[in-house]
Amino acid sequence: MPQLSYAKYGKDNVRLYKVDKNEKTGVHTVIEQTVCTLLEGDIETAYTEADNGPVVATDTQKQTIYIKAKQHAIDPPEQFAAILGDHFVKTYPHIHAAHVKIIQHRWTRMTIDGKPHPHSFFRDGEEVRVVESVTRENQGVEIKSKIEKLLVLKSTGSAFYGFHRDEFTRLPETWDRILSTEVEAGWKWKTFKDVAEVKKVDFNGAWQRAREITLKIFAEDNSASVQATMYKMGEQILADVPLVEEVDYVLPNKHYFEIDLSWYKGLKNTGKDATVFAPQSDPNGLIYCTVARKPKSKL
Ligand SMILES: O=c1[nH]c(=O)c2[nH]c(=O)[nH]c2[nH]1
């Protein structure tokens with residue numbers, strides 16, 4: 001006899017825009033997000049007995065996002081996620097957990113004639129700021145903040161040598177290579193007991209710090225490998241943001257291949273003479289790591 005072993009449901013891809021208009025200065029500040037809410041609880045009969053009684057409609061969840069966005073700040077997104085989660089578990093006695101994911105898109109203020117423009121913005125890249133939260137009834141809120149889709153490249157300052165070699169190995173060692181990746185970085189906060197506790201945290205400062213650390217270490221580290229460089233990033237974020245328990249990175253290694261052009265009039269384009277490369281879309285390396293304060297388990 002089959003049984004429902006797990007269920008959650010909600011509304012995904014709820015697009016949200018909020019503007020703050022400073023009446024005194026005329027300066028507008030805009031935030032655009034894509035929100036997902038998913039609810040868990042005593043909802044089995046909706047699946048097993050076609051009973052819609054316990055179903056807080058996904059449309060209701062969407063309307064709730066709009067109303068709460070009007071009533072509260074939506075920035076920082078971590079705080080807005082906690083407000084939404086708290087609402088769902090407190091309003092509906094049969095809902096015991098609320099998952100909220102918020103993707104915050106970039107709208108960067110334009111500089112016109114050397115001055116910040118009061119109400120015009122541009123999308124400076126596909127990078128997004130992401131928040132994933134789970135609020136559980138009487139158990140507080142777990143929050144993970146993330147940077148995703150931050151594309152970076154360095155044209156030197158990266159090596160890869162001394163790796164294991166056997167009969168399957170073809171890759172030559174290199175002491176100078178191009179390093180490029182699309183950063184996915186996440187930092188998991190300690191569990192907060194309620195929204196009041198969440199409101200005290202400087203999430204925007206932490207996001208800025210994590211981003212600065214990622215870029216600075218990427219640029220300045222004389223990289224021995226993706227693995228060694230990403231570990232340094234994780235260590236530094238843990239050192240700088242005390243409320244963070246764990247940092248993880250997922251970094252694809254986007255390869256740039258040398259092209260031998262010696263067939264054409266002896267052109268030199270390899271080793272130290274390499275200037276024209278072939279960027280590869282696939283396959284790519286894919287390197288994960290999680291850096292925690294206390295050792296939990298061996299890899
Ligand atoms: O930084 C790297 N790590 C690897 O594990 C690896 N493997 C590989 O082929 N190139 C690289 N580069």
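A quick note: this is a predicted structure, and the numbers were derived from the prediction, not measured. Both ligands and their constituent atoms are indexed starting at 1 by order of listing.
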closest protein heavy atom to atom 12 (N) of ligand 1 is Arg177 NH1, 3.0 Å
Atom 8 (C) of ligand 1 sits nearest the protein heavy atom Phe160 CE2, 3.6 Å
Note: ligand 1 atoms sitting under 4.0 Å from heavy atoms of Asn253 are 2 (C), 11 (C), 12 (N)
Rounded to the nearest 0.5 angstrom, the NZ-CH2 distance for Lys144 and Trp187 is 10.0 Å
Atom 3 (N) of ligand 1 sits nearest the protein heavy atom Gln227 OE1, 2.9 Å
So the atoms of ligand 1 within less than 4.0 Å of a heavy atom of Val226 turn out to be 1 (O), 2 (C)
Here the gap from Ser133 atom OG to Gln79 atom CD, rounded to the nearest 0.5 Å, amounts to 12.0 Å
*Lys NZ or Arg CZ of Lys154 over Phe218 ring: under 6.0 Å, within 45°*: yes
Per side-chain hydrogen bond (donor to acceptor under 3.5 Å, both in side chains), His99 is matched among Glu132, Glu142, Glu40 by Glu40
min-distance protein heavy atom vs atom 9 (O) of ligand 1 -> Leu171 CD2, 3.4 Å
**Item:** Polar atom proximity, Ser225 to ligand 1 (N or O, under 3.5 Å)
**Value:** no
For residues 12-19, which side-chain donor-acceptor pairs fall under 3.5 Å, sequence neighbours excluded?
| from | atom 1 | to | atom 2 | distance (Å) |
| --- | --- | --- | --- | --- |
| Arg15 | NH2 | Glu32 | OE2 | 2.8 |
| Lys18 | NZ | Ala69 | O | 2.7 |
| Lys18 | NZ | His72 | O | 2.8 |

Distance-only donor-acceptor hits, side chain of residues 265-279, under 3.5 Å, sequence neighbours excluded:
| from | atom 1 | to | atom 2 | distance (Å) |
| --- | --- | --- | --- | --- |
| Asn269 | OD1 | Thr275 | N | 3.0 |
| Asn269 | OD1 | Val276 | N | 3.2 |
| Asn269 | ND2 | Ile259 | O | 2.9 |
| Asn269 | ND2 | Val276 | O | 2.9 |

